[in-house]
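Okay, structure first, notes after.
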Amino acid sequence: MTLEVLDRSQTETAAPAAPVRAKPQRLSIIDCDFHPTVKTIDELKPYLSKRWWERIQTYGLRPRHAFVNGDPYPKAAPRAARRDAWGPDGSQPGSDLAFTQQHYLDAYDVEYAMMGPLYPSGQADQDPEFTTAMVSAVNDWQLDAWAHRDKRLKASILVSYEDPQSSVAEIEKRAGDKSFAQILLLTRTNEPLGRKRYWPIYEAAERHGLPVAMHVFGYSGFPVSGTGWPSYYLEETTGHSAACQSVVASLVLEGVFERFPDVKFINIEGGFGWLAALSWRLDKHWSRLRAEVPHLKRPPSEYLREQLYITTQPMDEPESPRQLIDLMEQVGMDRLLFATDYPHWDFDDPARALPRGLTPEQTRAICSENARKLFRL
Amino acid sequence: MRASGAIDCDVHPNVPSMQALVPYLDPYWQEMVDVRGIETFENRSFPLMAPINARPEWRDKKGRAAESVERIQRELFDRWDPAIAICNCLYGVQMINDEHMAAAFATAVNRWIAAEWLDKEPRLRASIVVPVQNPELAVDEIERWAGDKRFVSVLVLVMGELPLGKSFHWPIYRAAEKHGLPICVHLGSAYRHPVTASGWPTYHVEDYVVQTQAFQAQTASLISHGVFQKFPKLKVVLAESGVTWLPTFLWRFSKGWRGLRIEVPWVDRSPLEIVREHFRLTLQPFDAPQDPVEVARVLDHLGSEDLLLYSSDYPHWQFDGDDLMPAGFSEELQRKIMVDNPLATYPRLGGTI
């Protein structure tokens with residue numbers, strides 16, 4: 001889905017008179033959210049033991065939800081994908097390297113893309129040992145099928161985050177390989193991500209200078225809202241953004257940022273508009289209730305401003321482009337990372353998703369320079 | 001700053017003890033309190049001793065606050081001079097697992113409010129406490145009080161067993177719409193589910209802060225299920241919800257609706273429009289920074305002067321001194337928030353002030 005705000009110029013009064021981006025369609029990007037997948041799960045077989053391969057054949061993946069296949073809430077489109085992203089041979093969106101290069105990497109001038117394999121990844125399975133085996137397989141597969149075949153593609157270290165010990169082992173195994181740019185978690189974990197059981201992952205991230213990326217989704221087994229299970233995909237997908245807000249609150253209030261001041265966190269695909277309001281709310285109530293969290297030395301917003309990066313997709317869509325720039329300023333132009341979410345249906349096109357009125361420097365910062373610094377590319 | 005003539009849409013009488021309620025329970029439940037040793041149903045979302053739950057000067061020697069009408073007269077009415085204050089009693093009725101016990105305590109709380117507060121102070125109004133656990137019993141409770149115009153809305157917590165849009169709850173909305181009672185969705189959880197999508201938070205401050213996510217979920221739920229197509233006159237008041245989360249949530253949800261409306265074809269207009277017509281938010285805690293530039297942005301992003309309702313959140317400690325109204329609000333906006341918006345939201349206030 002692309003932004004409509006650019007088409008609303010007749011209603012916009014606060015935009016500057018002159019266009020500020022000469023050739024937006026040729027702006028290269030570092031895409032912080034690209035989702036590769038397998039053509040068939042057989043691609044992972046070489047990386048799995050007989051036991052785990054048979055487990056997949058017999059039971060499939062077993063996240064904490066009710067259906068053997070698919071999602072608890074059917075998506076908006078097959079495989080939640082752009083309808084034009086299926087390969088010429090009918091292969092799944094994001095599974096064919098040559099087609100992906102042509103349809104995505106070349107078409108949008110992608111300088112680098114951060115890979116976030118979501119399915120099948122094995123993350124958030126009911127059996128953490130299976131997750132450990134699967135994420136290691138998927139990490140190998142990211143190298144062999146993608147990163148080693150196109151230098152624009154950067155792998156993520158998927159970890160079995162509910163088993164921090166095995167997560168650390170996987171990070172240690174991969175950290176020396178510059179093909180990996182970040183550690184990747186999902187947001188809906190079994191406990192809020194600030195809790196101490198997850199801290200070994202952050203210690204490993206600190207040791208190796210790796211950012212910790214947290215992509216929406218995962219099935220904790222808990223409802224997406226504190227009031228129970230919604231009925232509609234519309235509610236669920238909106239709820240993922242709310243779930244990110246709880247994750248951010250947990251990280252800051254547990255003192256993760258205080259304890260690991262050099263670790264950068266990235267929230268992916270939860271939108272960013274909510275971050276300013278959450279920061280204000282955290283500061284307001286922390287000021288009254290701070291005796292409960294004496295490990296915090298500064299207002300929560302200060303930690304967030306320094307250590308949290310956030311991706312742009314799905315781009316917030318206020319009623320005017322000026323308000324979108326307000327949100328970007330509130331979050332910080334140096335903390336926003338452009339993301340397309342290719343090949344998913346709610347993809348953001350870099351030439352169309354950004355609001356008019358950004359300076360060329362701001363546009364470059366969001367589209368590539370912030371990520372270049374963060375990932376030391 | 002005094003607010004003479006204002007309608008304060010969120011104040012909280014505290015039930016002092018189980019003994020205060022016992023006289024208002026039916027004989028069977030009076031006996032059960034005694035035989036089973038039921039000590040209290042104080043609401044976990046509002047531990048009284050937490051700093052946020054009472055301003056220091058409003059606490060007695062034991063730290064308790066807002067337990068009698070004399071205190072609200074002195075501490076709230078004498079200080080700000082509102083014309084009306086609406087009592088939202090947060091006693092833990094919605095937490096009770098036995099729906100018949102919940103119904104009995106809902107009735108007792110409403111009787112207690114009527115006798116100990118409304119009868120003694122004509123400037124007070126109240127929300128009807130209902131057993132949300134059982135909509136049939138909740139409707140009975142609404143009907144019990146509907147003839148008493150001092151009850152002006154129906155109170156539910158923002159986190160219960162099921163999302164509020166689900167048709168399970170619709171009998172409550174049918175009765176509320178019939179009697180001109182807005183649904184007041186107040187901060188607080190029945191703790192049937194973890195407060196976050198990733199389980200239980202560690203700290204009270206965390207629990208409190210993340211409740212805005214439940215307000216987002218309930219707003220999405222009520223709209224997605226077509227509650228306002230079914231009950232076009234129904235109004236929803238989000239109370240103690242915070243304010244600044246609303247614009248970006250609405251933009252995101254409206255964008256989602258544009259992409260996904262095939263799923264909810266009965267939602268025939270943008271959630272943004274539906275919220276502006278049907279939802280109102282109480283002012284405190286106003287969670288924007290004090291910087292007037294940011295306050296102006298928040299008001300611009302809200303996009304409507306009709307949304308906010310004056311509230312002190314008495315006795316909760318949400319602001320210091322007398323400055324209940326945040327700096328940067330125009331005179332005209334203040335007037336709307338204090339009087340016009342509440343009158344338009346609570347039809348049963350009409351003609352009574």
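In what follows, chains carry the letters A, B, and so on, assigned in the order in which the sequence lines appear, proteins first and then strands, with residues in each chain numbered from 1.
With respect to the salt-bridge test (charged N to carboxylate O, under 4.0 angstrom), the residues B:Arg252 and A:Glu269 do not qualify. Between A:Glu317 and B:Arg258 there is a salt bridge, with a side-chain nitrogen of the basic residue lying less than 4.0 Å from a carboxylate oxygen of the acidic one. Ion pair A:Arg288/B:Asp320 flagged as a salt bridge, since at least one NZ, NE, NH1 or NH2 atom sits closer than 4.0 Å to an Asp/Glu carboxylate oxygen.
Within the 4.5 angstrom heavy-atom criterion, atoms from both the backbone and the side chain of B:Gln318 approach chain A. For B:Pro285, the parts sitting under 4.5 Å from any heavy atom of chain A are the backbone and the side chain alike. If you measure heavy-atom distances from B:Phe319 to chain A, the contacts under 4.5 Å come from the backbone alone. A:Thr187 touches chain B through its backbone: at least one of N, CA, C or O sits under 4.5 Å from a heavy atom, while the side chain does not. Heavy atoms closer than 4.5 Å to chain B are found in the side chain of A:Val247, but not in its backbone. Within the 4.5 angstrom heavy-atom criterion, atoms from both the backbone and the side chain of A:Ser250 approach chain B. B:Pro194 touches chain A through backbone and side chain together, each having a heavy atom under 4.5 Å away. Contacts of B:Val158 with chain A are made by backbone atoms alone, with heavy-atom separations under 4.5 Å and no side-chain atom involved. Interface residue B:Glu206: backbone and side-chain heavy atoms are both found under 4.5 Å from chain A.
Most heavy-atom pairs under 4.5 Å with chain B: of the set A:Ser220, A:Pro223, A:Ser225, this distinction falls to A:Pro223. Ranked by non-hydrogen atom pairs under 4.5 Å with chain A, the options B:Thr196, B:Leu162, B:Thr202, B:Val195 are led by B:Thr202. Ranked by non-hydrogen atom pairs under 4.5 Å with chain A, the options B:Ser198, B:Pro51, B:Ser224 are led by B:Ser198. By number of non-hydrogen pairs under 4.5 angstrom with chain A, the leading residue of B:Gln218, B:Arg192, B:Gln211 is B:Gln218.
Using bins of under 30°, 30° to 60° and over 60° for the plane-to-plane angle, the ring pair B:Tyr314/B:Trp58 lands in the tilted bin. The aromatic rings of B:Phe286 and B:Phe329 sit perpendicular to each other, their planes meeting at more than 60°, with 30° as the lower class boundary.
Judged purely by atom type and a 3.5 angstrom limit, B:Ser221 uses its side chain to pair as donor or acceptor with the backbone of B:Gly165.
The salt bridge (charged side-chain N to carboxylate O under 4.0 Å, His left out) analysis of residues 294-307 of chain B, with sequence neighbours excluded, yields the pairs A:Asp326-B:Arg297, A:Glu329-B:Arg297, B:Glu294-B:Arg297, B:Asp306-B:Lys336. Within the structure, every pair that satisfies the salt bridge (charged side-chain N to carboxylate O under 4.0 Å, His left out) test and touches residues 270-284 of chain A, not counting sequence neighbours, is listed here: A:Arg281-B:Asp287.
The structure places OG1 of B:Thr248 at 9.0 Å from CD of A:Gln330, a figure rounded to the nearest 0.5 Å. Atoms OG and CD, on A:Ser241 and B:Gln216 in that order, are 6.5 Å from each other to the nearest 0.5 Å.
Scanning all heavy atoms of the two residues, the minimum distance from B:Ala102 to B:Val93 falls at O-CG1, 3.3 Å. Minimum heavy-atom separation, B:Leu272 to B:Ser254: N-OG, 3.2 Å.
For the ring-ring contact (aromatic ring centres under 6.0 Å, His included) test with A:Phe217, the passing option among A:His344, A:His240, A:His65 is A:His240; the others fail.
Interface residues of residues 260-267 of chain B toward chain A, defined by a heavy-atom distance below 4.5 Å and sorted by number: B:Leu260, B:Glu263, B:Val264, B:Trp266. Within residues 189-198 of chain A, the residues having any heavy atom less than 4.5 Å from a heavy atom of chain B are, in residue-number order, A:Thr189, A:Asn190, A:Glu191, A:Pro192, A:Arg195.
Taking a 6.0 Å sphere around CD of B:Gln290, one finds it holds 12 or fewer heavy atoms contributed by other residues, nucleotides or ligands.
Outside the 6.0 Å centre-distance limit, the rings of B:Trp170 and B:His225 are not counted as a close aromatic pair.
Cation-pi geometry between A:Arg64 and A:Tyr219 is not met: the NZ or CZ atom fails to fall both under 6.0 Å from the ring centre and inside 45° of the normal.
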